[in-house]
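One structure below.
Computed from heavy atoms alone, side chains included, the values below leave out hydrogens, waters and symmetry copies. Just so you know, these numbers come straight off a predicted model, no measurement behind them.
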Amino acid sequence: GGEPIQLTDVFATKPVFSPDGNFFACYYGEPTGQTKSKLAVIPVSGGQPTKLLDFPLMEKTPIFRWGKNGKELIYIDKSGQNNNFWSQSLENNDPAKSLTDFKSEDIFRFDVLNGKIAFVRGHETSDVIMIENFR
């Protein structure tokens, strides 16, 4: 209940709240046509982002989650040939670090609970069928 409060005046989508509820991470601005997306960490109290990160463009499954400690974001990097989990620290300027080294299959969905990642992995298949003399 209560009156709505505007948290940002910039186009922002897919908000995910931090474990302590003080921040939310979201896509920031419009990544159309870019090879990277901007991801912002914004205080729930409003104001400018405390962090603005370049993230790989995550096609099909643009999901990111907070790590257990609330000091990192976990996401799927789909820019290479294989899908893998990566972690980006929010405390320093260290580069993102790979969490997995899968050699095949896509990651479709995931979530983080108590520092553990649950996910759905597999591959998509499709058939091309030609029907002749259709009535």
Side-chain angles (χ1 to χ4, degrees):
E3 291 294 316
I5 299 170
Q6 184 172 344
L7 300 178
T8 181
D9 59 357
V10 174
F11 178 81
T13 60
K14 306 227 184 246
V16 178
F17 289 87
S18 63
D20 64 9
N22 292 325
F23 297 90
F24 67 97
C26 63
Y27 285 108
Y28 194 74
E30 296 197 47
T32 306
Q34 298 177 6
T35 58
K36 291 193 173 234
S37 298
K38 292 284 186 193
L39 203 72
V41 176
I42 302 173
V44 169
S45 59
Q48 295 299 311
T50 57
K51 281 277 191 189
L52 194 57
L53 305 164
D54 284 325
F55 259 45
L57 185 61
M58 297 173 271
E59 298 175 25
K60 288 188 184 177
T61 312
I63 300 172
F64 52 90
R65 296 289 184 255
W66 291 85
K68 179 181 179 181
N69 60 13
K71 297 175 195 243
E72 66 182 351
L73 291 173
I74 298 171
Y75 63 96
I76 303 166
D77 186 340
K78 294 178 177 259
S79 60
Q81 192 170 11
N82 301 303
N83 295 186
N84 280 287
F85 288 107
W86 286 73
S87 170
Q88 175 64 59
S89 172
L90 298 174
E91 291 189 311
N92 50 46
N93 292 325
D94 289 345
K97 66 178 181 179
S98 176
L99 300 178
T100 59
D101 187 24
F102 297 130
K103 303 292 186 203
S104 65
E105 300 188 322
D106 291 331
I107 300 169
F108 298 111
R109 298 276 184 261
F110 81 97
D111 213 335
V112 176
L113 180 63
N114 296 325
K116 296 180 181 176
I117 301 173
F119 59 97
V120 177
R121 227 176 118 219
H123 61 276
E124 292 183 54
T125 60
S126 61
D127 295 323
V128 176
I129 301 170
M130 182 167 65
I131 301 173
E132 295 181 329
N133 300 320
F134 184 76
R135 296 180 193 200

Closest heavy-atom contact between [X] and [Y]?
{"X": "Pro43", "Y": "Gln48", "value": "CD-O, 3.5 Å"}
{"X": "Cys26", "Y": "Pro15", "value": "CB-CA, 4.0 Å"}
{"X": "Ser87", "Y": "Glu72", "value": "OG-OE1, 2.6 Å"}
{"X": "Asn92", "Y": "Lys51", "value": "O-NZ, 3.7 Å"}
{"X": "Ile74", "Y": "Gly67", "value": "CD1-CA, 4.0 Å"}

Is the shortest heavy-atom distance from the side chain of [X] to the side chain of [Y] under 4.5 Å?
{"X": "Leu39", "Y": "Tyr28", "value": "no"}
{"X": "Pro49", "Y": "Val41", "value": "no"}
{"X": "Ile5", "Y": "Glu3", "value": "no"}
{"X": "Ile76", "Y": "Asp106", "value": "no"}
{"X": "Phe17", "Y": "Trp66", "value": "no"}
{"X": "Tyr75", "Y": "Ile63", "value": "no"}

Co-membership, hydrophobic cluster, residues Phe134 and Met130, 4.5 Å side-chain: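 The answer is no; the residues belong to distinct hydrophobic clusters.
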Pairs under 3.5 angstrom only: tabulate donor-acceptor contacts from the side chains of residues 112-121 to other protein residues two or more places apart or in another chain.
residue, atom, partner, partner atom, Å
Arg121, NH2, Ser104, O, 2.8

Would you compute the distance between atom [atom1] of [X] and atom [atom2] of [Y] and round it to the nearest 0.5 angstrom?
{"X": "Lys97", "Y": "Phe85", "atom1": "NZ", "atom2": "CZ", "answer": "15.0 Å"}
{"X": "Ile42", "Y": "Asn22", "atom1": "CD1", "atom2": "CG", "answer": "14.0 Å"}
{"X": "Asp111", "Y": "Arg65", "atom1": "CG", "atom2": "CZ", "answer": "4.5 Å"}

Tested for side chain to side chain contact (heavy atoms under 4.5 Å, CB included) against Val16, the lone hit among Phe23, Phe64, Phe24 is Phe64
Less than 4.0 angstrom from a charged side-chain N to a carboxylate O is my criterion; do Asp101 and Lys103 meet it? yes
